[in-house]
Amino acid sequence: DVVLTQTPVAQPVTLGDQASISCRSSQSLVHSNGNTYLEWYLQKPGQSPQLLIYKVSNRFSGVPDRFIGSGSGSDFTLKISRVEPEDLGVYYCFQATHDPYTFGAGTKLELK
Amino acid sequence: EVQLVESGGGLVQPGRSLKLSCAASGFTFSNYYMAWVRQAPTKGLEWVASITNSGGSTYYRDSVKGRFTISRDNAKSTLYLQMDSLRSEDTATYYCTRTLYFDYWGQGVMVTVSS
């Protein structure tokens, strides 16, 4: 199975700061069709997860432009500029290139 | 507005069965692949199973293959997860999601497997 390693496990931030989360895959996430199916989700406390980014860098409808996904191959990053209170929660990367699909273990974005 | 509403969860003994349902509305259900994702208490997310829009193909994680069956009724806009031979490690909140990309999620339904 593909293992997605997220770092850090927890990211203490001050509101207005930039935050960065890394997601490294145990193998390339480039599909045979040329697409890279790497997604980012946010789960706020007590809520269902919500889609932020799909195919590495595409923001889902309604996601603010302070969320930026980047990367290629097996190394990916989610950057959040100017962290706001509603950005706090657990971030998960997810790959749908290889069966079985797998999530990273999560990164908790929390206030310092 | 897209809505996904799960039901059917509860407390069940090990080895018994349970069937989850997910009622979809606000979109053309038959046009979309669907999936189940679960989350054990205080743990991360885990993909469980997916089904194509026609229901013709299904995909499972290894730990549930042969025990869980994902299905759908496009006439009723409803997704199902039949869970047999349940184990304590199946205890989790189960989410119904629309795919490609899990762009909409239900509120989740709790399944507890315990004697």
Side-chain angles (χ1 to χ4, degrees), chain A residues 1-10 21 23 25 29 31 33 35-63 67 69 76 78 89-109, chain B residues 1-7 9 20 22-24 26-27 32-52 57-68 70 79 89 92-111:
Chain A
D1 296 3
V2 172
V3 176
L4 297 180
T5 302
Q6 284 186 237
T7 54
V9 172
I21 301 169
C23 176
S25 173
L29 297 184
H31 194 276
N33 66 11
N35 289 317
T36 300
Y37 296 105
L38 187 284
E39 295 146 33
W40 290 94
Y41 295 87
L42 165 61
Q43 187 172 30
K44 299 180 184 179
Q47 295 188 18
S48 301
Q50 59 188 85
L51 174 65
L52 297 173
I53 302 285
Y54 62 95
K55 284 202 294 183
V56 181
S57 60
N58 296 273
R59 275 186 296 274
F60 181 55
S61 175
V63 174
F67 289 89
F76 305 93
L78 177 69
V90 181
Y91 288 79
Y92 295 93
C93 57
F94 171 78
Q95 68 83 22
T97 296
H98 301 288
D99 181 19
Y101 308 147
T102 49
F103 285 91
T107 295
K108 187 172 185 179
L109 192 68
Chain B
E1 178 195 4
V2 172
Q3 283 202 315
L4 298 169
V5 180
E6 302 96 337
S7 61
L20 305 182
C22 171
F27 65 102
Y32 288 86
Y33 287 29
M34 299 292 293
W36 290 96
V37 173
R38 69 185 178 184
Q39 185 171 36
T42 74
K43 300 295 185 185
L45 300 169
E46 185 174 78
W47 168 77
V48 175
S50 296
I51 187 168
T52 56
S57 292
T58 56
Y59 310 89
Y60 300 92
R61 67 180 304 104
D62 283 351
S63 61
V64 307
K65 273 181 193 171
R67 300 189 300 121
F68 288 14
I70 187 172
L79 177 72
E89 55 264 36
T93 295
Y94 285 74
Y95 295 100
C96 162
T97 75
R98 191 178 84 165
T99 68
L100 184 59
Y101 320 124
F102 300 147
D103 58 357
Y104 290 94
W105 297 63
Q107 83 286 354
V109 62
M110 185 68 201
V111 172

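The sequence lines fix the lettering, A, B, ..., with proteins before strands; numbering per chain opens at 1. These numbers come from a predicted model, not from an experiment.
- When all heavy atoms are compared, the tightest approach of B/G106 to A/S48 is O-OG, 2.6 Å.
- Using modelled atom types and a 3.5 Å distance limit, the side chains of B/Q107 and A/Q47 yield no donor-acceptor pair.
- Taking every heavy atom of both residues into account, B/K43 and A/Y92 meet most closely at O-OH, 3.9 Å.
- Residues satisfying the side chain to side chain contact (heavy atoms under 4.5 Å, CB included) criterion with B/Y101, sequence neighbours excluded, are A/Y37, A/E39, A/L51, A/Y54, A/K55.
- The contact between B/Q39 and chain A is made entirely by side chain atoms (from C-beta outward), counting heavy-atom distances below 4.5 Å.
- Taking non-hydrogen atoms and a 4.5 Å limit, the residue list of residues 97-108 of chain A in contact with chain B, ordered by number, reads A/D99, A/P100, A/Y101, A/F103.
- Ring pair A/Y41/B/F102 is tilted by interplanar angle, where 30° to 60° counts as tilted.
- With sequence neighbours excluded, no residue satisfies side-chain hydrogen bond (donor to acceptor under 3.5 Å, both in side chains) with A/R59.
- Taking CD from A/Q50 and CG from B/D103, the interatomic distance works out to 12.5 Å, rounded to the nearest 0.5 Å.
- Your options are A/S61, A/A96, A/P49, and the one with the most heavy-atom pairs under 4.5 Å with chain B is A/P49.
- For B/W47, the side-chain hydrogen bond (donor to acceptor under 3.5 Å, both in side chains) partners two or more places apart in sequence, or in a different chain, are B/S50.
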